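Only one structure is covered here, and it is reproduced in the block below.
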Amino acid sequence: MALEREFCKWSFCTKPEVVNVETDLLLVGGGMACTGAAVEAAAWAKATGLKTVLVDKAALDRSGAVAMGLSAINTYVGAENKVDDYVKMVRTDLMGIIREDLVHSMGCHVDQTVHDFQDWGLPIWQKDNEGHTVDGQAARDEGLPLLKDGGKCCRSGRWQCMINGESYKVIVAEAAKNALGMDNIYERVFIVKLLTDKNNSNRVCGAVGFSVREHKTYVFKCKAMIIACGGVVNVFRPRSVGEGQGRAWYPVWNAGSTYAMPAEIGAKMVLMENRFVPARFKDGYGPVGAWFLFFKAQATNAYNEDYMAKNWDRVKAEYPGYADAPGTCLRNHAAMIEMREGRGPIMMHTDKAMQELAKVLSKKELKHLEAEAWEDFLDMSISAASLWASFSMEPDKVPSEIIPSEPYLLGSHAGCAGLWVSGPSKGYLGAPDDWFWGYDRMTTVEGLFTAGDGVGASGHKFSSGSHAEGRMAAKGALAFILDHKDDKLEAAQNIDEVIAEIYLPFEIFEKYKNYSTAPEINPNYLMPKQVQTRLQKLMDEYCAGVTPMYMTNKTMLEEGLKRLTLLKEDATRLAARDLHELMRAWEQYHRILAGEAHLRHILFREESRYPGYYYRSDFLSIDDSKWKVFTISQYDMKANEWKFETKPYVQLVK
């Protein structure tokens, strides 16, 4: 039975102070993309008298996916590579469907960003004159030339370069702060609603959010906006449970805001069926890439068989034309064959890798390499090192288990979910005319731009590429503002009503909290944790999570959609006791909408385009004759309806 809809009339909670901020360009998010946008916008905006403001849910120094640190820059083309080859790698890894204009143009700009990082003080590993590896500080001490001056980085793969990255984000954030000035940066403010123009419903003109530290609402008015708040974590039930449930591979504060808020105002999304399922060290989510690529470690099944060698002919037969080079999802698929057929666990031989290196390296080199092997975890996944200690194991003496994680939705790593955006210029590389509508990285909503995880059909940007793409989006946004400088914008939404909607969870809790003796158990509302648990359970079980081994079908998806529809109704009665829970309430709201887009896209695409990430058991093969296309959705919030279309994939780099 549906409960009566609630409205905030300020009868049970206090109205917040309203802070109005006017700017030309508004940056929503504090990760790599928006810090890149901040640096670029400041460089161009000051000369034209334009104002740029950044608002971040967290604090800029430790916000976004790079918050805890990183052991490598995963996207650096360098003089020894070609951008065309980078595009081919991305295309291969993402199963043949990408926006090659977006990938190529980003590849042309990313090296400049990496050079800037080094100028700003990021220690990047380099090769000395004898070809030995030296870490970033030693490279400076030895006077080695910087990368921009011909210095050689230490590669852990063709596109990666190793770094001392525990302070990576702090260094990048400092550049953004210096560029904008702290007067133009609003930290600890969570944006939850976008505003559209009264005279043009397809034009963004502002955003509304609230402080997570003070009883204040912020209303930002702008002429253009870049939204880049990361991907989506905790839509699916994580493998870690109990006290470890907050542990995940991607940052837990990524709540899908980058997708949900633009979707609410009609922005089109693309390839939202795609997700990333990384193989990681079990329970600690520690990184495996450096161990595979740099330390040359081997992974085997329970019978000490190399599962890749064992299954690769089978993978080629199942997915002809896609397994000539082992893309990420197909490597996952090879491991999942072993797990489904009872030959797990999969073990990474960290011990043998170190023993083999000891045979060819000097004691000094080996000692340095061992230190860097463990720093790889301390940079990115301290919990993995803690787990090893708790199990009284030394990974240089015994192997460590790896396992595929729960799914994540993102557009900057080895995934390509996101928003459908304009390319860099008309006909770029021969792109179709309808891939460009005036301004680089603008969504289908006028004035609304995105970068990093927000840009769909364009993965493998990682940290450096997201920063570079933020800079590209900033140029596009500033050009839009200058071309529309005389526009008079007025919000179509009633701001007082938007604020009341944002604080409704406070009103609901205060109104009904005494109905039961335990406030968190109440028939009149749901707490954010309860909504998250329901969302994770249904997405896991019906939308190809870890429980059914990433498998789903039409009937399961339709059942999941029924349950998700009920959850959306119940979530209108989210309750919050304090500002932290108010933030959590709106995070769950954003996750629900992002999760619904994901489920509906998988239901729409009747094939298994990404085996190893998910499988449609009723359409297990890849069908290029029908589905080598971009799947594009658009949400009508007023009607609560979704529309789907496809656009043909076009290869630009031969």
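Everything numeric in this text was worked out from a predicted model, so none of it was measured.
- Heavy-atom neighbours of K537 NZ from other residues, nucleotides or ligands within 6.0 Å: at or below the threshold of 12.
- Ring geometry, Y168 versus F117: the interplanar angle exceeds 60°, so the pair is classed perpendicular (tilted spans 30 to 60°).
- A salt bridge between R584 and E587 is present, with a side-chain N of the basic residue lying under 4.0 Å from a carboxylate O of the acidic one.
- Here the two rings, on H601 and W642, have centers that are 6.0 Å apart or farther.
- Salt-bridge formation is not detected for the pair E558/K562: no Lys NZ or Arg NE/NH1/NH2 atom is positioned less than 4.0 Å from an Asp or Glu carboxylate oxygen.
- Looking at D540 and R237, a side-chain N of the basic residue comes within less than 4.0 Å of a carboxylate O on the acidic one, giving a salt bridge.
- Taking each heavy atom of I502 and F210 in turn, the nearest pair found is CG2-CD2, 3.7 Å.
- Looking at heavy atoms from C-beta onward, P16 lies in side-chain contact with I499 at the 4.5 angstrom threshold.
- Ion pairing between a basic and an acidic side chain is recognised when a charged N comes within 4.0 Å of a carboxylate O; K461 and E469 show such pairing.
- Residues satisfying the ring-ring contact (aromatic ring centres under 6.0 Å, His included) criterion with Y186, sequence neighbours excluded, are Y218, F220.
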Stepwise salt bridge (Lys or Arg N to Asp or Glu O under 4.0 Å) test for D56 and R188: CA-CA 6 Å; D56 183 20; R188 307 292 184 188; over 6 Å; no
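- Looking at V445 and L194, their side chains never come closer than 4.5 Å, going by heavy atoms from C-beta outward.
- For the pair C8 and A500, the tightest heavy-atom approach, listed with the atom from each and the gap, is CB-O, 3.2 Å.
- The closest side-chain heavy-atom distance from Y250 to F276 is not below 4.5 Å.
- A salt bridge does not link E446 with R203: every distance from a Lys NZ or Arg NE/NH1/NH2 to an Asp or Glu carboxylate oxygen is 4.0 Å or more.
- Of all non-hydrogen atoms in D61 and K169, the two that sit nearest each other are O-CG, 3.2 Å.
- Proximity of V270 to L419: side-chain heavy atoms (C-beta onward) are nowhere separated by under 4.5 Å.
- P251 pairs by the side-chain contact (heavy atoms from CB on, under 4.5 Å) definition with A65, W253, N254, not counting sequence neighbours.
- Environment of CG in N494: crowded, with over 12 heavy atoms of neighbouring residues, nucleotides or ligands closer than 6.0 Å.
- Annotation for K221: atom NZ does not count as buried by contact number, only 12 or fewer foreign heavy atoms lying within 6.0 Å.
- Aromatic pair H580/F190: centroids not less than 6.0 angstrom apart.
- For the residue pair L593 and A263, the shortest heavy atom distance occurs at CD2-CB, 4.3 Å.
- A salt bridge does not link E520 to K529: none of the charged side-chain nitrogens sits closer than 4.0 Å to a carboxylate oxygen.
- In this pair, W10 and Y503 present their aromatic rings tilted. The plane angle is within the 30 to 60° band.
- Between K9 and E507, no side-chain nitrogen of the basic residue sits less than 4.0 Å from a carboxylate oxygen of the acidic one, so the salt-bridge criterion is not met.
- Atom NE2 of H598 and atom OH of Y408 lie 13.0 Å apart (nearest 0.5 Å).
- F509 is linked by a ring-ring contact (aromatic ring centres under 6.0 Å, His included) to Y525, counting only residues two or more places apart in sequence or in another chain.
- Note that NE2 of H590 is 6.0 Å distant from CD of E264, once rounded to the nearest 0.5 Å.
- The shortest distance between side-chain heavy atoms of N640 and Y635 falls below 4.5 Å.
- Between A41 and T52, the shortest heavy-atom contact is CB-OG1, 3.7 Å.
- For the residue pair K57 and V212, the shortest heavy atom distance occurs at O-CG2, 4.2 Å.
- Rounding to the nearest 0.5 angstrom, the gap separating the CG atom in L410 from the CZ atom in F462 is 9.5 Å.
- Between the side chains of T217 and E17, no donor N or O sits under 3.5 Å from an acceptor N or O.
- Annotation: side chain of K223 is not in contact with side chain of L25 (no heavy-atom distance under 4.5 Å).
- The pair E187-R213 does not count as a salt bridge, with every side-chain nitrogen at least 4.0 angstrom from each carboxylate oxygen.
- Residue-environment remark: OH (Y515) stays at or below the threshold of 12 foreign heavy atoms within 6.0 Å.
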